[in-house]
Amino acid sequence: MAVSTQNQPLTVAVDTKVLIELNGELQSWEIVNPGESDIQEGKVSCNAPLIRCILGRKEGDRVNAQIADRNVIIVVKKIKERVAQEKVG
């Protein structure tokens, strides 16, 4: 789960929603545990290659990675914790 205190920013983790820029294109994802993913609902597993590249990153972090034989640039734009109601249902 994402941990935040007043002195530390949120990091990308399970139970967070992230807005990223992937090669210039904005994408929004909710990061969930394996077995809970549903791409149609914007839920992606923490084990997905794209997400593994940004786990532990903070807002503003930029990552150069290779995914499926493609070089990609990922910028973490915004991180938000899911609220308890969203986790239940």
Side-chain angles (χ1 to χ4, degrees):
M1 179 176 288
V3 177
S4 177
T5 66
Q6 290 180 349
N7 297 328
Q8 295 179 326
L10 280 174
T11 59
V12 177
V14 172
D15 289 338
T16 59
K17 291 183 176 183
V18 296
L19 176 65
I20 62 169
E21 183 179 317
L22 176 64
N23 289 342
E25 177 184 328
L26 290 177
Q27 297 184 4
S28 180
W29 295 105
E30 182 177 332
I31 303 172
V32 296
N33 287 305
E36 297 177 355
S37 60
D38 184 335
I39 297 301
Q40 299 295 351
E41 292 186 19
K43 298 179 180 181
V44 64
S45 169
C46 58
N47 288 338
L50 172 66
I51 301 306
R52 286 194 339 246
C53 291
I54 60 171
L55 286 175
R57 302 293 183 150
K58 299 181 295 272
E59 287 182 8
D61 283 355
R62 178 185 172 108
V63 179
N64 294 311
Q66 188 169 12
I67 301 174
D69 296 326
R70 284 185 25 211
N71 292 322
V72 296
I73 299 170
I74 308 161
V75 180
V76 179
K77 296 294 208 176
K78 187 153 183 72
I79 305 169
K80 179 180 168 187
E81 279 189 283
R82 284 196 300 170
V83 295
Q85 300 154 322
E86 293 176 306
K87 293 179 185 178
V88 173

(Q) Just so I know, are the side chains of Leu19 and Gln27 near enough to count as touching, which here means a heavy-atom distance under 4.5 Å? (A)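 No, side chains not in contact.
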
Shortest non-hydrogen contact between [X] and [Y], atoms and distance:
X: Ser45; Y: Pro34; value: OG-CA, 3.7 Å
X: Lys58; Y: Val76; value: O-CB, 3.5 Å
X: Lys77; Y: Leu26; value: CG-CD2, 4.2 Å
X: Cys46; Y: Val14; value: CB-CG2, 3.6 Å

(Q) As an exercise, state the distance from CD of Glu81 to CG of Leu10, rounded to the nearest 0.5 Å. (A)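 Taking CD in Glu81 and CG in Leu10, the distance rounds to 5.0 Å.
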
Q) Linking I/L/V/M/F/W/Y whenever their side-chain heavy atoms sit closer than 4.5 Å, directly or via other members, would Val32 and Leu55 fall into one cluster? A)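 Not linked; separate clusters.
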
Q: I would like to know whether Ile31 and Val12 meet side-chain contact (heavy atoms from CB on, under 4.5 Å); could you show each step before the answer?
A: CA-CA 8 Å; Ile31 303 172; Val12 177; 3.2 Å; yes

**Q.** Partner residues of Lys78 under the side chain to side chain donor-acceptor pair (under 3.5 Å) criterion, sequence neighbours left out
**A.**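 Lys78 satisfies side chain to side chain donor-acceptor pair (under 3.5 Å) with no other residue.
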
Q: Output, in order, the C-alpha distance, side-chain angles, deciding distance and verdict of side-chain contact (heavy atoms from CB on, under 4.5 Å) for Lys80 and Thr16.
A: CA-CA 5 Å; Lys80 179 180 168 187; Thr16 59; over 6 Å; no

Q) Under the 3.5 angstrom rule, does the side chain of Glu36 hit a backbone N or O of Lys43 as a donor-acceptor pair? A)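 Flag not set: sc Glu36 to bb Lys43 has no pair under 3.5 Å.
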
Q) Do any N or O atoms from the side chain of Asn23 and from the backbone of Ile73 form a donor-acceptor pair under 3.5 angstrom? A)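 A pair under 3.5 Å: yes.
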
**Q.** From Val63, Val44, Ile74, Val72, residue fulfilling side chain to side chain contact (heavy atoms under 4.5 Å, CB included) relative to Leu50
**A.**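 Of Val63, Val44, Ile74, Val72, side chain to side chain contact (heavy atoms under 4.5 Å, CB included) with Leu50 is met by Ile74 alone.
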
Q. Of Ile20, Leu22, Asp61, which is the lone residue that meets side chain to side chain contact (heavy atoms under 4.5 Å, CB included) with Ile54?
A.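 With Ile54 as partner, side chain to side chain contact (heavy atoms under 4.5 Å, CB included) holds for just one option, Ile20.
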
Q) Quick check: are there more than 12 heavy atoms from other residues, nucleotides or ligands sitting under 6.0 Å from CD of Glu25? A)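 Not more than 12 within 6.0 Å, no.
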
**Q.** Stepwise side-chain contact (heavy atoms from CB on, under 4.5 Å) test for Arg70 and Ile67
**A.** CA-CA 5 Å; Arg70 284 185 25 211; Ile67 301 174; 5.7 Å; no

